[in-house]
Amino acid sequence: MRILQLHSNFINYKPIQKEIAVAEEAEKQERRLEEIVVLFTAVEEGDNEAVAKKAIDEVQAFLEKLKVNRILIYPYAHLSSNLTKPADALKVIKAMEARAKEIGLETYRAPFGWNKQFTIAIKGHPLAEQLRVILPAEAEVKKEEKVSEAVKAEEKMKSLWRILQLDGEILPVEKFDFKGRENLEKFARYEISKVRASEQMPPHVTLMKRLEIADYEPGSDPGNIRWYPKGRLIKSLIEQLVTNKVIEYGAMEVETPIMYDFGHPSLADYLNRFPARQYILKSENKELFLRFAACFGQFLLVHDAQFSYKQMPLKVYELARYSFRREQRGEVVGLRRLRAFTMPDCHAFCTDLEQAKKEFIVRFKLCMQILEEIGLSKDDYEAAIRFTKDFYRENKRFITSLAKIFGRSVLVEIWKKRFFYFILKWDFNFVDNQDKAAALSTDQIDVENAKRYDIVYVDEKGEKQHPLIMHCSPSGAIERCVYALLEKAYKEQKNGKPPMLPLWLSPTQVRIIPMSDKHLEHAEKLADALETQHLRVDIDDRTLTLRKRVREAEMEWVPYIIVVGQKEIESDALPVRDRKTGKIRKMKLQELISEIEEIVKGKPLKPLPLPKHLSRRPQFYG
RNA sequence: GCCCCGGUGGCUCAGCCCGGUAGAGCGGCAGCCUCGUAAGCUGUUGGCCGCGGGUUCAAAUCCCGCCCGGGGCUCCA
């Protein structure tokens, strides 16, 4: 028996004329059914009542998932070329109907033996369309084979979850003592069972709006974000920092297109593994898709390059703004997961596993350093290392050495067989205020794509070889870094500390508040002096009370606030309100400049993204 | 994609259950206050009650569809 099962918004059908002698009696009336699972059914030779029962039971298990309780059994011969005799078929169909009613389904049936016209609207979700093949008991053996094939695939994907300790010992997750390692526990739980509960809005969503960093864009697709001047500054600074670090590491920065031709031979095969997750667009007679990583562009570019083992490892980098993934509707949240995001993506092409392992360590350290510089310390994230069983057997010490560099126990995921294109992968994961985890940096050793893209290098013997490819995002998506920083700030607030951004990312580093308009001129002088040292300084020249302006500066997370009045004109000691401590420190201007310069040393610099005078600024939110 | 909750001036929200003239606080604007470190006072502006359809004499309110947001699933090479 074959059943084409369609979850439908509605179906309209109308019997037109009898086709065969055994056709049932029916009225030639149009019928409409809504919110229904339609079962186009072909009864094949050898099917019997047991098959009918089994078919309905299988369907029912599925209906529970969909939370639908209404079916239409629609005889449909065209599904099979091995049909049984019509009279037997009708019997089996009736048996299906009886079974369905028996187990409490709201059951409808289209008449058997008629030529019918129909219109159907099928829902868009992945489970909406399914083909079932139900075989009679005799054929059970054959079916077993098929199942075992499926089970094998399933088996391949089965993951073992463990905790790898620094001494190299691997413990089952239940046996590990998570005392003092609550984040690792939350991360492990998130990865393994994904159980979580939360009623509140993610804190970073409220913050990104209130601080005028970013917001949803109702005029776009979900997961496409609008960035206000302050947010653009923060993002752009992080982008610059990551890019600088990766270039320092030795990668060559390139730029590749954001859209690709579906028909390109190297891409077609790769894409077949990731169906229906891209944005697709048409241009003239071509079908294009938007990139979901910088891999395509870089692979195609390196495919055309000529290089030998002497130039390896060969490192290529791109800040992929944007990468697009049409994530499922329910998964797109704030800045945690977007449909359009900025992905720093660095590939390294290595001669062999030995070289790859060496490079892997270099990049592991690089990623830790980059996160640290962004403002996420090792306490803010947890590591996961994922590999195949085979790889572990041969590389125990290597994997343990990664954990040692990380300095703490890590979560490991072990695959019995390789089913991705990589044999080893690690990722750093931020655990947020809702106990959800989001991956930041990651690196992988890819053993497949060099062949797929026909990327070759020339070895010592002058022979062409496929390299190993390492895929690394040194920071993870830039937007996700902003998410992590905001969530981290919120955590600190919960712990009684003032929430803030790292000084080098604070849109306003120093705010000067003149007591009254009589003191504005002096404020301007101080601001100019700070500005020439490349600090971001602004002046709150609005005619509001002092208390109110101080309050607003604090709510904007301004790290240093200086109130300027008559005393400051007469003396060069400035009352600097330090957000970190909440105290007012008497400082000379030069002392403040030195302090800030020391803290932001080595970080990218950018000017204030807004008018210097607060009276000249629009309000983007609130 | 599925299930649950929500969408009301720029922002946060009340009103909806039980249909009958749209409300508050914040913000904006104007005026006063010229101020010593987290909200000064007064006045005023501002709303196709997310969009479309239906029921009704009458819809922010009831019903249906869609869009957007949040949560839970699923998914996450």
Side-chain angles (χ1 to χ4, degrees), chain A residues 7 9-10 34-35 63-68 121-129 157 190-191 193-202 205-206 209-210 212 215-223 270-278 292-293 295 325-334 336-337 339 386 418-422 425 427 434 436-439 442 444 446 448-449 471 498 511 513-520 540 542-556 558 561-568 575-579 582-585 618-622:
Chain A
H7 188 193
N9 291 315
F10 69 84
E34 295 184 354
E35 290 302 316
L63 291 175
E64 273 171 21
K65 254 198 216 165
L66 292 180
K67 302 205 170 98
V68 178
I122 298 165
K123 295 193 181 278
H125 62 87
L127 301 176
E129 305 168 272
M157 288 181 50
Y190 180 84
E191 280 287 316
S193 66
K194 318 219 163 185
V195 175
R196 57 226 162 175
S198 169
E199 307 87 46
Q200 58 167 162
M201 185 100 137
V205 175
T206 315
K209 294 181 183 200
R210 218 208 70 218
E212 296 192 328
D215 206 343
Y216 298 116
E217 175 50 73
S220 183
D221 204 37
Y270 193 28
L271 275 168
N272 280 339
R273 299 188 62 167
F274 321 109
R277 298 298 301 275
Q278 298 84 256
F292 45 86
C295 301
R325 296 185 194 187
R326 225 189 51 214
E327 302 289 11
Q328 295 190 82
R329 193 61 187 69
E331 260 312 311
V332 181
V333 176
R336 184 195 297 136
R337 185 180 223 101
R339 284 184 172 175
R386 304 158 201 261
R418 177 168 74 82
F419 61 101
F420 299 128
Y421 54 71
F422 44 81
K425 172 188 179 174
D427 38 86
Q434 298 177 312
K436 299 192 183 194
T442 176
Q444 310 160 359
D446 171 353
E448 244 179 45
N449 281 308
H471 298 239
R511 164 137 329 146
I513 306 181
M515 208 77 129
S516 75
D517 47 18
K518 291 192 285 263
H519 312 110
L520 182 57
D540 194 345
R542 295 172 303 171
T543 57
L544 299 169
T545 58
L546 177 65
R547 291 174 67 84
K548 178 132 187 176
R549 285 178 291 167
V550 169
R551 175 180 153 87
E552 290 198 2
E554 290 289 1
M555 297 214 303
E556 265 183 71
V558 174
I561 302 166
I562 306 174
V563 172
V564 176
Q566 197 52 40
K567 279 189 264 176
E568 287 64 44
V576 178
R577 187 175 158 122
D578 185 341
R579 177 172 178 78
K583 299 233 166 74
I584 294 170
R585 294 151 59 197
Q619 188 179 291
F620 292 104
Y621 182 85

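Not measured: the values here are computed from a predicted model. The chains referred to below are lettered A, B, ... by the order of the sequence lines, with proteins before strands, and numbering in each begins at 1.
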>> Under 4.0 Å, counting only non-hydrogen atoms across every strand here, what does A:Gly219 touch: a base, just sugar-phosphate, or nothing?
In response: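 Answer is nothing: A:Gly219 stays at 4.0 Å or more from every strand.
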> So what does A:Arg210 hit on the nucleic acid, given a heavy-atom distance under 4.0 Å: a base, only sugar-phosphate, or nothing?
Replying inline: nothing
To the nearest Å, give me how far apart [atom1] ([X]) and [atom2] ([N]) are.
X: A:Glu191; N: B:C75; atom1: CD; atom2: C1'; result: 13 Å
X: A:Arg337; N: B:C73; atom1: CZ; atom2: C1'; result: 14 Å
X: A:Met201; N: B:G69; atom1: CE; atom2: P; result: 11 Å
X: A:Tyr190; N: B:G71; atom1: OH; atom2: C1'; result: 13 Å
X: A:Lys209; N: B:C11; atom1: NZ; atom2: P; result: 9 Å
X: A:Asn9; N: B:C64; atom1: CG; atom2: P; result: 15 Å

>> Looking at B:C29, which nucleotide sits across from it as a Watson-Crick or G-U wobble partner, both distances under 3.5 angstrom, or is there none?
In response: B:G43
> Partner of B:A24 by Watson-Crick or G-U wobble geometry, both contacts under 3.5 Å, or none?
Replying inline: B:U12
> Any donor and acceptor pair, going by atom type alone, linking the side chain of A:Glu212 with main-chain N or O of A:Phe620 inside 3.5 Å?
Replying inline: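 Flag set: sc A:Glu212 to bb A:Phe620 pair under 3.5 Å.
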> Phosphate oxygens OP1/OP2 of B:U12: is one of them under 4.0 Å from a side-chain N or O of A:Tyr621?
Replying inline: yes
> Pick the nucleotide of RNA chain B nearest each of A:Lys425 and A:Gly223; which residue has the one closer to the 5' end?
Replying inline: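 Residue closer to the 5' terminus by nearest nucleotide: A:Gly223.
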> Any idea which heavy atoms bring A:Glu34 and A:Phe10 closest together, and the distance?
Replying inline: CG-CB, 3.9 Å
> Which atom names give the shortest non-hydrogen contact between A:His519 and A:Val564, and what distance separates them?
Replying inline: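 Answer, listing the atom of A:His519 first, then A:Val564: CB-O, 3.6 Å.
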With rounding to whole Å, what would you report as the distance between [N] and [M] at their [atom1] atoms?
N: B:C26; M: B:G20; atom1: P; result: 28 Å
N: B:C64; M: B:U56; atom1: C1'; result: 16 Å
N: B:G43; M: B:C13; atom1: P; result: 27 Å
N: B:C5; M: B:C49; atom1: P; result: 24 Å
N: B:U21; M: B:G27; atom1: P; result: 30 Å
N: B:G46; M: B:C11; atom1: C1'; result: 13 Å
N: B:G10; M: B:C17; atom1: P; result: 26 Å
N: B:G69; M: B:A24; atom1: C1'; result: 24 Å

Closest nucleotide among [options] to the [X] side chain:
X: A:Gln619; options: B:A77, B:G69, B:G27; value: B:G27
X: A:Glu331; options: B:A77, B:G69, B:C75; value: B:C75
X: A:Gln434; options: B:C75, B:G71, B:A77; value: B:G71

> Considering the options A:Arg549, A:Arg551, A:Arg511, which one meets the salt bridge (charged side-chain N to carboxylate O under 4.0 Å, His left out) requirement together with A:Glu556?
Replying inline: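 Between A:Glu556 and the candidates, salt bridge (charged side-chain N to carboxylate O under 4.0 Å, His left out) is satisfied uniquely by A:Arg511.
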> Hey, what do you get for CG (A:Leu546) to CE (A:Met515), rounding to the nearest 0.5 Å?
Replying inline: 6.0 Å
> So how far is it from A:Arg339 CZ to A:Glu331 CD, rounded to the nearest 0.5 Å?
Replying inline: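 Result: 11.0 Å between the selected atoms.
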> Please walk me through it: do A:Arg418 and A:Glu448 pass salt bridge (charged side-chain N to carboxylate O under 4.0 Å, His left out)?
Replying inline: CA-CA 11 Å; A:Arg418 177 168 74 82; A:Glu448 244 179 45; 2.9 Å; yes
>> Treating primed atoms plus P, OP1 and OP2 as sugar-phosphate and everything else as base, which nucleotides of nucleotides 29-38 of chain B get B, S or - for protein heavy atoms under 4.0 Å?
In response: -----BBBBB
> Between A:Arg386 and A:Asp427, does a salt bridge (charged side-chain N to carboxylate O under 4.0 Å, His left out) hold up when you go through it step by step?
Replying inline: CA-CA 8 Å; A:Arg386 304 158 201 261; A:Asp427 38 86; 2.8 Å; yes
